[in-house]
Participant: 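Below you will find the structure I want to go over with you.
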Amino acid sequence: MTETQDTQTSESVEELKSAAVAALNSADSSEKLEAWRVEFMGRKGRLTSLLRGLGSFAIEDRKIVGAAANRLRGELESLYEDRESDSKSSQAPVGSIDITLPGRKPALGGLHPSTQMIREITQAFNEMGFQTIEGPEVELEKYNFDMLNIPADHPARDQWDTIWVDSDTHDDVLLRTHTSPMQARVMEENDPPIRVVVPGKCYRYESTDATHEWHFNQVEGLAVDEGITLADLKGTLYEFARRVFGANRKVRFRCDYFPFVEPGVDMSIDWNGGWMEIMGAGMVHPKVLENAGYDSSKYTGFAFGMGPERISMLRNEITDIRHFFSNDLRFLTQF
Ligand code: PHE
């Protein structure tokens with residue numbers, strides 16, 4: 001009798017186990033999992049009633065069946081936990097797109113602040129009839145210095161500490177120190193009238209600080225024709241300042257020296273109660289015209305050169321020119 005009852009009850013633990021495992025495996029949603037938990041493991045569930053029924057067993061049987069039922073409870077609990085965490089992770093697989101999230105803006109690129117400034121400057125001159133052209137950054141000594149009236153022994157060459165392509169031989173190939181060599185190249189290739197602006201990178205062999213970079217942009221300008229005077233230079237640059245800095249901007253011209261202009265000037269704009277120098281300029285030196293094959297008794301012209309980074313620093317209150325080329329998005333995304 002004892003043996004029979006033992007066998008029957010043991011079987012019913014087994015039965016409960018196979019029923020519970022089958023039902024758990026087919027519970028394919030969180031609702032079904034919860035229903036399973038209530039049916040088998042809940043306070044009025046099948047496992048609980050099996051354990052409650054133990055009271056009617058003989059003491060020997062109670063121990064055996066009770067131990068089997070408690071083992072089953074442990075097994076079912078851990079199976080249930082596994083299924084539950086599986087179903088949670090399958091609802092939101094890692095790395096998948098959650099289409100229920102609100103839309104987010106994709107990150108958009110933009111023009112570099114130097115490029116924006118260059119375009120604004122060149123556009124102002126384009127509207128006054130100047131054409132935008134570009135020239136080589138790797139340049140010949142001849143164009144960078146000689147044709148601009150800066151001979152090899154001229155002290156003015158000290159103004160442009162040069163990066164030579166071959167630093168041992170100092171042969172005649174260098175990284176241009178300014179955009180002015182394009183004055184010579186344009187005149188060599190074209191007859192007057194000429195009106196061009198030339199944006200581009202320049203390089204200097206010097207240590208950097210808040211106002212000096214070893215590479216930077218310049219925008220060069222050149223106008224050559226019959227009868228061009230200093231008044232044309234001043235009028236054109238004044239109009240440029242009005243377009244880029246505003247209609248009420250005051251400008252100031254002072255004498256300055258560059259070997260390729262005569263007379264030479266620098267132009268400043270009024271800024272916070274003081275004067276800020278924004279470019280060098282002047283009437284193209286007769287020797288530069290002659291070097292390019294022009295008749296300097298017939299043609300005259302003016303030239304100017306400015307640094308777009310410096311102008312952008314002024315306008316945007318940027319205190320260190322090195323920000324332009326350090327590629328820090330915290331800086332670049334402000335433009
Ligand atoms: N090339 C000169 C510089 O780099 C600027 C300049 C250009 C001055 C044209 C006069 C005329 O400083």
Side-chain angles (χ1 to χ4, degrees), residues 114 118 121-122 125 130 132-137 139-151 154-163 174-187 194-206 211-224 228-230 232-238 240-241 251-269 276-289 291-292 294 296 299-311 313 321:
S114 297
I118 286 171
I121 293 167
T122 53
F125 286 105
F130 288 71
T132 302
I133 55 162
E134 289 180 309
E137 291 175 26
E139 185 54 283
L140 293 174
E141 186 177 8
K142 171 183 147 189
Y143 292 106
N144 197 83
F145 294 126
D146 299 290
M147 286 182 73
L148 295 175
N149 196 33
I150 319 173
H154 197 289
R157 285 211 187 187
D158 295 345
Q159 286 179 33
W160 295 278
D161 290 352
T162 306
I163 297 175
L174 48 78
L175 300 187
R176 67 179 174 195
T177 60
H178 51 172
T179 43
S180 301
M182 278 304 285
Q183 292 184 31
R185 284 183 177 273
V186 170
M187 287 192 276
I194 283 172
R195 278 169 187 76
V196 291
V197 275
V198 189
K201 274 295 245 340
C202 307
Y203 303 82
R204 288 188 194 175
Y205 187 69
E206 64 182 354
T211 53
H212 295 87
E213 255 290 13
W214 67 276
H215 60 169
F216 50 88
N217 286 283
Q218 282 193 343
V219 179
E220 190 84 9
L222 176 70
V224 184
I228 289 191
T229 69
L230 190 69
D232 297 309
L233 177 157
K234 291 177 76 174
T236 305
L237 295 182
Y238 181 52
F240 158 77
V251 302
R252 182 186 71 178
F253 293 93
R254 284 189 311 184
C255 292
D256 201 347
Y257 171 71
F258 304 92
F260 36 92
V261 289
E262 180 60 34
V265 298
D266 64 49
M267 184 175 115
S268 303
I269 55 170
M276 290 294 293
E277 191 183 318
I278 60 164
M279 71 173 101
M283 299 304 290
V284 181
H285 197 291
K287 276 195 185 153
V288 175
L289 295 169
N291 287 345
Y294 284 7
S296 64
Y299 296 112
T300 51
F302 64 82
F304 55 86
M306 68 189 93
E309 282 88 18
R310 285 203 53 184
I311 293 177
M313 285 171 77
I321 192 173

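Atoms within a ligand are numbered from 1 in the order they appear, just like the ligands themselves. Worth knowing before you read on, the calculation uses all heavy atoms, side chains too, and leaves out hydrogens, waters and symmetry mates. The chain is numbered in sequence order, starting from 1.
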Participant: Anything under 30° is parallel, anything over 60° is perpendicular, the rest tilted; go ahead and classify Phe130 against Phe302.
Facilitator: tilted
Participant: Where is the tightest heavy-atom contact between His285 and Pro259, given as atom of each residue plus distance?
Facilitator: CD2-O, 3.6 Å
Participant: Is Gln183 near ligand 1, meaning one of its heavy atoms is under 4.0 Å from it?
Facilitator: yes
Participant: Would you please say whether a donor-acceptor pair under 3.5 Å links the side chains of Ser180 and Glu220?
Facilitator: yes
Participant: Please confirm whether Met279 approaches ligand 1 to less than 4.0 Å, judged on its heavy atoms.
Facilitator: no
Participant: Which option, Gly307, Ala281, Gly305, Ser180, owns the non-hydrogen atom nearest atom 10 (C) of ligand 1?
Facilitator: Ala281
Participant: Is it true that Asp266 and Arg254 have a side-chain N and a carboxylate O under 4.0 angstrom from each other?
Facilitator: yes
Participant: Using a strict cut-off of 4.0 Å, indicate which atoms of ligand 1 neighbour a heavy atom of Phe260.
Facilitator: 1 (N), 2 (C), 6 (C), 7 (C), 8 (C), 9 (C), 10 (C), 11 (C)
Participant: Closer than 4.0 Å to some heavy atom of Arg204 - which atoms of ligand 1 meet that?
Facilitator: 4 (O)
Participant: Contact between ligand 1 and Met283 is defined here as a heavy atom of the residue under 4.0 Å from a ligand atom; is it met?
Facilitator: no
Participant: Side chain, backbone, both or neither: which part of Phe304 comes within less than 4.0 Å of ligand 1 when only heavy atoms are counted?
Facilitator: backbone
Participant: May I ask you to check whether Glu220 has an N/O atom sitting below 3.5 Å from an N/O atom of ligand 1?
Facilitator: no
Participant: Would you please test Ser268 and Glu277 for side-chain hydrogen bond (donor to acceptor under 3.5 Å, both in side chains) and show each step?
Facilitator: CA-CA 4 Å; Ser268 303; Glu277 191 183 318; 5.2 Å; no
Participant: What atoms in ligand 1 come closer than 4.0 Å to a heavy atom of Phe258?
Facilitator: 8 (C), 10 (C), 12 (O)
Participant: For Thr177, is at least one N or O under 3.5 Å away from an N or O on ligand 1?
Facilitator: no
Participant: Considering the heavy atoms of Gln218, write down every atom of ligand 1 situated less than 4.0 Å from one of them.
Facilitator: 3 (C), 4 (O)
Participant: Anything under 30° is parallel, anything over 60° is perpendicular, the rest tilted; go ahead and classify His178 against Phe145.
Facilitator: tilted
Participant: Please confirm whether Phe304 and Phe125 have ring centers closer than 6.0 angstrom.
Facilitator: yes
Participant: Looking only at heavy atoms, which two atoms of Ile321 and Glu213 are closest? And how far apart?
Facilitator: CG2-CG, 3.9 Å
